[in-house]
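Notes to accompany the following structure.
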Amino acid sequence: MELEKSYDASKTEGKIYQTWLDSGYFNPDNLPGERKEPYTIIMPPPNVTGTLHIGHALFATIQDILIRYQRMQGKKALWLPGTDHAAIATQSKVEAELYKKEKKTRFDFPREEFLKLVENYAQTSHDIIIGQLKRLGASADWSREAYTLDEQRNLAVRTAFKNMYVDEIIYRGARIVNWDPKLKTTVSDDEIEYVEQKDPFFHFKYGPFTIGTVRPETKFGDKYVVMHPKDERYKQYKHGQKIELEWINGPLTATIIKDEAADMEFGSGVMTITPAHSAIDFEIAKRHGLDIKQVIDERGCLLAIAGDFEGQHIKKARAAIVEKLKTKGLLVKTDEGYLHNVSTNSRGGGIIEPQIKEQWFIDVNKEFSIKHSEIAGIQTGQMVTLKQLMRHMVQEGLIKIIPEHFEKIYFHWIDNLRDWCISRQIWYGHQIPVWYKKIDITYFVHGTTTDNEEKKSSGHYDADLSELGKEQSNQLKEAVKEQKFDIVFCSDLQRARKTAETAFGDKTEIIFDSRLREINYGELTRQNEGKVSAMKSGAVEKPFPKGESYRDVEKRIKNFLEEILKKYPNKKIAIVAHQGPQLALDVLIKKLTWQEAFANDWRNTKAWQAGWEYKLNEIFCDVNPPTGEGWTQDSDTLDTWFSSGLWTFSTLGWPSSAKASDFAKTTSDKSEGKPDDLSFYHPTDVMETGYDILFFWVARMILMSTYHIGQIPFKTVYLHGLVRDKDRQKMSKSKGNVIDPLGVIDTFGTDALRFALIFSSAVGNDIPLSEDKIKGMKHFANKLWNIARFVLANMGSQELRIMNYEYKPLTKADEEIIDALKFAVDEVTEGLENFQLHAAAQKIYQFTWHSFADIYIEASKQQLVNPEQKENTQVILLNSLLIILELLHPFMPFITEEIWSKLNQKDLLMVTKWPASPV
RNA sequence: GGGCAUUUAGCUCAGUUGGUUAGAGCGUUGCAUUCACAUUGCAAAGGCCACAGGUUCGAGUCCUGUAAUGCCCACCA
């Protein structure tokens, strides 16, 4: 058997990869031999936003090394691959392209059509990425490949959302959020990137104070002036004191607020606040219960509050506002070149404008009872918060982070964690599994009756309208002339019926319903109002003698509302009825207590002709859409990290293969047949990823996995560094120092690239990479090739089968190489066990090149011509080579497999048993 | 402002619990070579392990401080 004179990676790699694929061994179900122990790595899914870069090559290499090693150790090794839809990133990429090519935005398309465009892009990108991973030699189980936005994962997301919604871990609320006016979506705190910027810093006269700002455009609504309570300079001003002053658009009443948030050292120590557009100001406003007024809209344009400036974009308005203030003599001075940080959306968006918006959040501080826990130190049913769960796993060593110092960073992050805003206003992603049904109600009270005029309470007694009441009904008709209602519901008592017929009878269908009747006062009917009032408070729960309580009215109305929600969703309806049912609406819809409803004075105003407005909203959250008509789904999508957080178990079949709430059932099922993927492969062994997404992702996987299935997601977190160029510079297109993985694979071979990537840098450190280094590793591959050529050339084919031939050290060289080999096996193994991949790589490199090639092969040339030593030497040569191939295979899979195949071996090297120390 | 790390040969980096003469790759210099490999071999030069203290029989390694560099978090209107 002859080998080519030098190793040609390009001729070998494709062929070898195909051999592996054909073997089916990437799927652990097909691995030969008795394998009981699982070893799982779930691949961090690359974003489908383009092609792989060298950083991906690094993660693929590290994970492939770990998987190949464990597979050779006899484990059922599963490396589960996948890709990430990367919501914002992918969508904004498509949007950018669309704008460049056709000058269109996504709003020029129907949602479905735009999504098709994104999906096409994602599909193309996906295919490229998978192809690239294969070229890197990734021994991943493609049969289990997952996508964060496929059907299975969508089910997982909906299930996860619902579980958390039911537990009230997920809530909807109006908070100050990071709004990106460019992408028109919120982003989470972690996605913010601060960019240093120089801007003019303005000092303005604000009454007796001087305030400073870089952003005069936010200042229109500022009517609170804040100073530190201990600031001696402003001792004479009291908290809550009002001050009249002249401001941008005229005179204004400002209120003094004393709060420790004001920094006495900064500027004059006095500031005004803009609660709607600053998180800090929002906090202050909440502390003191101040008014919050929106100034800037979602496009970044000024609202009506800005007066003349209304509609202008803040960027353009700034100069004009300063000019106006200057003209008014309110500009004190301007400092040019003030250095400050501007927050931007790191996902390719614009400058963040904080806004108050109704969004979905995950509450990280809410206590809940954990439904199922296999976690040491956490009992099933125990009360915990998500924050505590996240902290516990790492603190108690259940999850080990390598390198260790990242644990401190992790804790620091958790301690400062705020509720996680998970809703996004983009289209590409998992749509929130919440549906709404909405009815707008305008409520009118019937006209005055004869009883009313005599101050008697009618209740169910069918009192008629008085002359005034009839007149009022005509007035009502006039008042609602312009309004269009789909349906009018009316109490069947004649005072309401006559009112409704007069006001609406000629244009709208009227449906009479006895549930809309006034409270039945029983024995008090038609008696003096004063007596009724006296009993009102006591009549909430307790019926009037032989009549109803207010709770009874509430029940009738509740029943009525449920029915119209079902039958008449999304309609605009009017109700003409009495005061009692209206109070019930206050209680049912506005969530007032009965006492508050009574106390409210709005029904004493003459505004009854305009009606009182109620918005009836029903929210439905479940895995599947509600049945029935009239439901509309929440149009927001979820933060991409929400689905990524489920990744370790959604890829293994959750929730289909094992429902979190159904653990008892699945464990009893296990006796027959093989266990499902989730119970067998989860918790996974290693999560290997870049340190830059420790918070985004790793922490969220811990959160999701512990919450939903009561298991840690992984035992070890292995954080690799960033690949940099040889001068430690970050690789970037603009610097022109990027190394294209496919390019270097073409020139030097995958094995060389892989070896170079892990050869010289310890875990967690950044990795400087240069073409020279890869070239050096190509030389190493070639060296190995020639070692194999030498060994092969020095024995006939029969010797290739004498694997178990006993050999013994006959010479000093024999003795040394056997010792060295033993050492190498131990150290490479130890390196791989302890995640010291670079140490293992260096060891095998040294051993191969120096101990074996330079020393032993040189010595063997003498021994091979000595008949007494020849055969023994041949066996040592061959055995050493085989062990080298085995040790090196995880690192350089292609060339080792290729040589192995030339050595007449039965099975593939990739499933050969990892060597123990040789005899 | 707070935190985390790094500083070892010309360059890029190893050096796990403190233990002989501190290592590798690349580069440099000299020599060799029809020999498995010039994508080679042999050899050499090159380090007060950032600095200053301390602990110890013994410190690149542990402790304290200083300096430089990098990164992360917070953020001041």
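To find a chain, count down the sequence lines: A is the first, B the second, and so on, and within it residues start at 1.
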Considering every strand and a 4.0 Å limit on heavy-atom distances, what is the contact class for [X]: base, sugar-phosphate, or nothing?
| X | value |
| --- | --- |
| Asp692(A) | nothing |
| Lys219(A) | sugar-phosphate |
| Ala839(A) | nothing |
| Ile409(A) | sugar-phosphate |
| Ile273(A) | nothing |
| Tyr338(A) | sugar-phosphate |
| Val226(A) | nothing |
| Thr213(A) | sugar-phosphate |
| Lys861(A) | base |

Exercise. When you match His405(A) and Gly269(A) each to their closest nucleotide on RNA chain B, which lands nearer the 5' end?
Worked result: His405(A)
Exercise. More than 12 foreign heavy atoms under 6.0 Å from NZ of Lys715(A): is that the case here?
Worked result: yes
For this session: Determine whether more than 12 heavy atoms belonging to other residues, nucleotides or ligands lie under 6.0 Å from atom NZ of Lys324(A).
Result: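 Correct, the count exceeds 12.
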Interatomic distance at [atom1], [N] relative to [M], whole Å:
| N | M | atom1 | value |
| --- | --- | --- | --- |
| G10(B) | U28(B) | C1' | 8 Å |
| A9(B) | A50(B) | P | 8 Å |
| C35(B) | C48(B) | C1' | 46 Å |
| A77(B) | C51(B) | C1' | 42 Å |
| G25(B) | C42(B) | P | 11 Å |
| G3(B) | A44(B) | P | 49 Å |
| G15(B) | A59(B) | C1' | 14 Å |
| U39(B) | A52(B) | C1' | 48 Å |

Exercise. Could one point to a donor on the side chain of Asn341(A) or the base of C75(B) with an acceptor on the other under 3.5 Å away?
Worked result: yes
For this session: Measure distances between side-chain N and O atoms of Gln836(A) and base N and O atoms of A14(B), and say whether any donor-acceptor pair falls under 3.5 Å.
Result: no
Exercise. Does Lys293(A) use its side chain to pair, donor to acceptor, with the backbone of Phe220(A) at less than 3.5 Å?
Worked result: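 Not at all, since once roles are kept as given, no pair shorter than 3.5 Å links the two residues.
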Is the shortest side-chain N to carboxylate O distance from [X] to [Y] below 4.0 Å?
| X | Y | result |
| --- | --- | --- |
| Asp415(A) | Arg391(A) | yes |
| Asp281(A) | Lys286(A) | no |
| Asp222(A) | Lys219(A) | yes |
| Glu816(A) | Lys812(A) | yes |
| Lys902(A) | Glu898(A) | yes |

Exercise. What heavy-atom pair brings Val177(A) and Cys421(A) nearest, and what distance separates the two atoms?
Worked result: CG1-SG, 4.2 Å
Nearest whole Å is fine: how far is [N] [atom2] from [X] [atom1]?
| X | N | atom1 | atom2 | answer |
| --- | --- | --- | --- | --- |
| Asn416(A) | A74(B) | CG | P | 8 Å |
| Phe266(A) | G1(B) | CZ | P | 14 Å |
| Asp281(A) | A77(B) | CG | P | 10 Å |
| Asn786(A) | C37(B) | CG | P | 6 Å |
| Phe755(A) | A14(B) | CZ | C1' | 14 Å |
| Glu283(A) | A74(B) | CD | P | 14 Å |
| Tyr691(A) | U6(B) | OH | P | 13 Å |
| Phe780(A) | G41(B) | CZ | P | 12 Å |

Exercise. In chain order, what residues pass the side-chain hydrogen bond (donor to acceptor under 3.5 Å, both in side chains) check against Asn782(A), with sequence neighbours excluded?
Worked result: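 Partners of Asn782(A) under the side-chain hydrogen bond (donor to acceptor under 3.5 Å, both in side chains) test: none.
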Output the single nucleotide from [options] whose closest atom is nearest the side chain of [X].
| X | options | result |
| --- | --- | --- |
| Lys783(A) | A36(B), A14(B), U39(B) | A36(B) |
| Asn782(A) | C4(B), A77(B), C37(B) | C37(B) |
| Met271(A) | A77(B), A36(B), U16(B) | A77(B) |

For this session: Give a yes/no on whether any side-chain N or O of Lys408(A) is located under 4.0 angstrom from OP1 or OP2 of C72(B).
Result: no
Problem set entry | Aromatic ring pairing Phe201(A)/Phe266(A), orientation class (parallel under 30°, perpendicular over 60°, tilted between) |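 Geometry flag for Phe266(A) against Phe201(A): perpendicular rings.
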For this session: Just need the stems in RNA chain B: three or more back-to-back Watson-Crick or G-U pairs, each with both distances under 3.5 angstrom, sorted by first number.
Result: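 Stem segments, range with range: B:1-7 with B:67-73, B:10-13 with B:23-26, B:28-32 with B:40-44, B:50-54 with B:62-66.
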For this session: Let me know which of Phe780(A), Phe891(A), Phe852(A) forms a ring-ring contact (aromatic ring centres under 6.0 Å, His included) with Tyr845(A).
Result: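 With Tyr845(A) as partner, ring-ring contact (aromatic ring centres under 6.0 Å, His included) holds for just one option, Phe780(A).
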Can you pull every protein N or O that's under 3.5 Å from an N or O on nucleotides 23-26 of chain B?
residue : atom : partner   : partner atom : Å
A24(B)  : O3'  : Gln846(A) : NE2          : 3.2

